[in-house]
Visitor: 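Sharing a structure with you now.
Since we're looking at a predicted model, the values are computed, not measured.
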Amino acid sequence: MAGEIDFKVLPVAKAKPQGEYGYIITNPPYGERLGDDDAATLAIRQLGSIALYLPTWSHFIITPSKQVEHYYGKPASKKRKLFNGRIETTLYQFFAPGGLYAKERSEREGREAHSPSNDKRN
């Protein structure tokens, strides 16, 4: 179709997220899936570089790479083992302190704390 973007050729480094808060959710290409370990490592490195400029954004990455935390320069907030077919991967979750995820969670917890089911008055 005319006007469609071929995301397979868009390098991670060309991504230009905008806004104070947001999420990046990605399953970048990786060597076992595409046969190019160098390209997979480069994508993870570029995601880590982008994260430096988006401290109020949360990042979620599904990959078999064990280098994600190294390139992000910090441990993931949470990690979950997943399988993409027969390939073991990890969902790395980096929650931004004070970011959109934290703001939404805080608002949700505030609503739950004030809901009638949590009201201890008789």
Side-chain angles (χ1 to χ4, degrees):
M1 271 175 125
E4 285 190 11
I5 298 172
D6 184 358
F7 287 102
K8 291 184 266 184
V9 299
L10 181 64
V12 174
K14 298 245 181 199
K16 302 292 183 216
Q18 297 179 2
E20 186 176 355
Y21 301 106
Y23 302 92
I24 292 182
I25 303 169
T26 185
N27 180 10
Y30 40 87
E32 191 168 345
R33 198 170 72 192
L34 298 177
D36 187 351
D37 287 331
D38 292 337
T41 299
L42 179 60
I44 299 296
R45 289 177 61 202
Q46 290 174 342
L47 285 165
S49 295
I50 288 172
L52 292 173
Y53 298 100
L54 301 169
T56 58
W57 284 51
S58 294
H59 303 257
F60 306 90
I61 304 155
I62 300 172
T63 180
S65 174
K66 305 297 183 203
Q67 299 176 325
V68 172
E69 293 169 309
H70 169 75
Y71 290 122
Y72 268 71
K74 61 184 177 184
S77 305
K78 287 187 178 182
K79 293 189 280 189
R80 301 272 190 253
K81 182 167 69 169
L82 303 171
F83 284 87
N84 183 356
R86 63 176 173 72
I87 302 170
E88 183 178 321
T89 63
T90 301
L91 168 59
Y92 292 91
Q93 302 172 67
F94 295 90
F95 302 127
L100 185 59
Y101 179 81
K103 180 180 175 187
E104 288 174 352
R105 186 175 65 192
S106 175
E107 289 172 356
R108 184 176 58 248
E109 288 171 355
R111 285 191 305 270
E112 290 170 359
H114 292 97
S115 72
S117 63
N118 290 330
D119 193 353
K120 302 217 186 293
R121 293 177 286 173
N122 290 331

Visitor: Carefully, step by step, assess Glu69 and Phe94 under the rule side-chain contact (heavy atoms from CB on, under 4.5 Å).
Guide: CA-CA 9 Å; Glu69 293 169 309; Phe94 295 90; 4.2 Å; yes

Visitor: Are Leu42 and Ile61 in one and the same hydrophobic cluster, where Ile, Leu, Val, Met, Phe, Trp and Tyr link if side-chain heavy atoms are under 4.5 Å apart?
Guide: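 Different clusters.
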
Visitor: With rounding to the nearest 0.5 Å, note down the distance linking CG in Asn84 to CG in Leu91.
Guide: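 If I round to the nearest 0.5 Å, the distance is 12.5 Å.
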
Visitor: Do you know the tightest heavy-atom contact between Glu88 and Pro64?
Guide: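 Shortest heavy-atom contact: O-CB, 3.4 Å.
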
Visitor: Give me the one residue out of Gln18, Glu20, His59 that meets side-chain contact (heavy atoms from CB on, under 4.5 Å) with Leu54.
Guide: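 Output: one option passes, namely His59.
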
Visitor: Taking all atoms of both residues into account, what is the closest heavy-atom pair of Leu47 and Pro28, and its distance?
Guide: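 Answer, listing the atom of Leu47 first, then Pro28: CD1-CG, 4.1 Å.
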
Visitor: How far does CD1 of Ile44 sit from OG1 of Thr63, to the nearest 0.5 angstrom?
Guide: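 If I round to the nearest 0.5 Å, the distance is 4.0 Å.
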
Visitor: Between Ile62 and Phe95, is there shared hydrophobic-cluster membership here, with clusters defined by ILVMFWY side-chain heavy atoms closer than 4.5 Å?
Guide: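 Both belong to a single hydrophobic cluster.
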
Visitor: Could you report the tightest heavy-atom contact between Trp57 and Pro17, atom names first, then the distance?
Guide: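 Residues Trp57 and Pro17, closest heavy atoms: CH2-CB, 3.3 Å.
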
Visitor: If you look at every heavy atom in Thr56 and Tyr21, which pair is closest and at what distance?
Guide: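 For Thr56 and Tyr21, the tightest heavy-atom pair comes out as O-CD2, 3.4 Å.
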
Visitor: To the closest 0.5 Å, what do you measure between CD1 (Ile24) and CZ (Phe60)?
Guide: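 It is 10.5 Å, given to the nearest 0.5 Å.
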
Visitor: Distance from Ile50 atom CD1 to Tyr72 atom OH, nearest 0.5 Å?
Guide: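 OH of Tyr72 is found 7.5 Å from CD1 of Ile50.
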
Visitor: May I ask you to test the Thr89-Asn27 pair for a side-chain heavy-atom distance under 4.5 Å?
Guide: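 A side-chain contact is absent here, since even the closest heavy-atom pair is not under 4.5 Å.
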
Visitor: Quick one: does Ser65's side chain have a donor or acceptor within less than 3.5 Å of a partner on Gln67's backbone?
Guide: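 A pair under 3.5 Å: yes.
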
Visitor: Heavy-atom count check: over 12 atoms from other residues, nucleotides or ligands less than 6.0 Å from Tyr53 OH?
Guide: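 No.
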
Visitor: Atom NZ of residue position Lys66 - does it have more than 12 heavy atoms of other residues, nucleotides or ligands inside 6.0 Å?
Guide: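 Atom NZ in Lys66 is packed in, count exceeds 12.
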
